[in-house]
Engineer: 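Please read through the structure below; I'll follow up with questions.
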Amino acid sequence: MTPALQNGTMFSRIKTWARSLKRDSHAIYLASRDPRVPWYAKMLAVAVAAYALSPIDLIPDFIPVLGYLDDLIIVPFGIWLVVSLIPEEIMVEYRVKADEAGRRPVSRAGMIAIIVLWILGAMMLGWIGYAHWPRPEFAGRN
């Protein structure tokens, strides 16, 4: 084992990073309701917070490798982007509030949006399959 793994510093940094992501996702959820935040940051904040806080993922976690890519890449990138669009003094204020809250809200709207996306995707695949799948010819037809 490498020295970084032996003394736990790498794991403690990963845990700290994960906690800051959780706090920032809650903070941008709170900041999205503030009138001082620009509208484009609000729109992106709502989308990222809904996705990050949704109990359902766009790519389910049971799909090998791809299932965790959204959690490891898409969500942190979205949070970073929203945080960079919100003025620093507002982010500091909402990070404190998120720390005080200490719990993560559940986004029912995000869950519904992901479910609707999955249903629409399944319907589209079904339609494509039905429209383009070759049908067998029956010998008894006239």
Engineer: To the nearest 0.5 Å, what is the distance between CD1 (I112) and CG (L117)?
Structural biologist: 12.0 Å
Engineer: Excluding sequence neighbours, so at least two apart, what forms side-chain contact (heavy atoms from CB on, under 4.5 Å) with Y40?
Structural biologist: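 Result, side-chain contact (heavy atoms from CB on, under 4.5 Å) vs Y40: P38, L85.
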Engineer: Are V37 and I90 side-chain neighbours, meaning at least one heavy-atom pair lies under 4.5 Å?
Structural biologist: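 Result yes, sub-4.5 Å side-chain heavy-atom pair found.
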Engineer: Output the distance between atom CD1 (I79) and atom OH (Y29), rounded to the nearest 0.5 Å.
Structural biologist: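 Rounded to the nearest 0.5 Å, the CD1-OH separation comes out at 14.5 Å.
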Engineer: Using the rule that two of Ile, Leu, Val, Met, Phe, Trp, Tyr join whenever any of their side-chain heavy atoms come within less than 4.5 Å, decide whether W39 and V82 are in one cluster.
Structural biologist: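 The answer is yes; both residues are in one hydrophobic cluster.
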Engineer: Might you point out which heavy atoms bring A98 and A27 nearest each other, and give the distance in Å?
Structural biologist: CB-N, 3.9 Å
Engineer: List the steps, then state whether side-chain contact (heavy atoms from CB on, under 4.5 Å) holds for R36 with E93.
Structural biologist: CA-CA 12 Å; R36 300 173 291 171; E93 176 185 333; 2.8 Å; yes
Engineer: Can you confirm whether or not the ring centre of W127 sits under 6.0 Å from the ring centre of Y130?
Structural biologist: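 Centroid distance W127-Y130: not below 6.0 Å, so no.
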Engineer: Going hydrophobic residue to hydrophobic residue with side-chain gaps under 4.5 angstrom, can you get from L30 over to V96?
Structural biologist: no
Engineer: side-chain contact (heavy atoms from CB on, under 4.5 Å) with W118: which residues, sequence neighbours excluded?
Structural biologist: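 Here the qualifying residues are P60, I114.
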Engineer: Within the structure provided, determine whether M91 and I28 are in side-chain contact (heavy-atom separation under 4.5 Å).
Structural biologist: yes
Engineer: Between K42 and D34, is there a donor-acceptor pair closer than 3.5 Å when you use the side chain of the first and the backbone of the second?
Structural biologist: yes
Engineer: Working to the nearest 0.5 angstrom, can you tell me the gap between T16 OG1 and R23 CZ?
Structural biologist: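 One gets 10.5 Å once the value is rounded to the nearest 0.5 Å.
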Engineer: Between V83 and R95, is there a side-chain heavy-atom distance shorter than 4.5 Å?
Structural biologist: yes
Engineer: How long is the span from the CD1 atom in I86 to the OH atom in Y94, to the nearest 0.5 Å?
Structural biologist: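 Atom-to-atom, I86:CD1 and Y94:OH are 9.5 Å apart.
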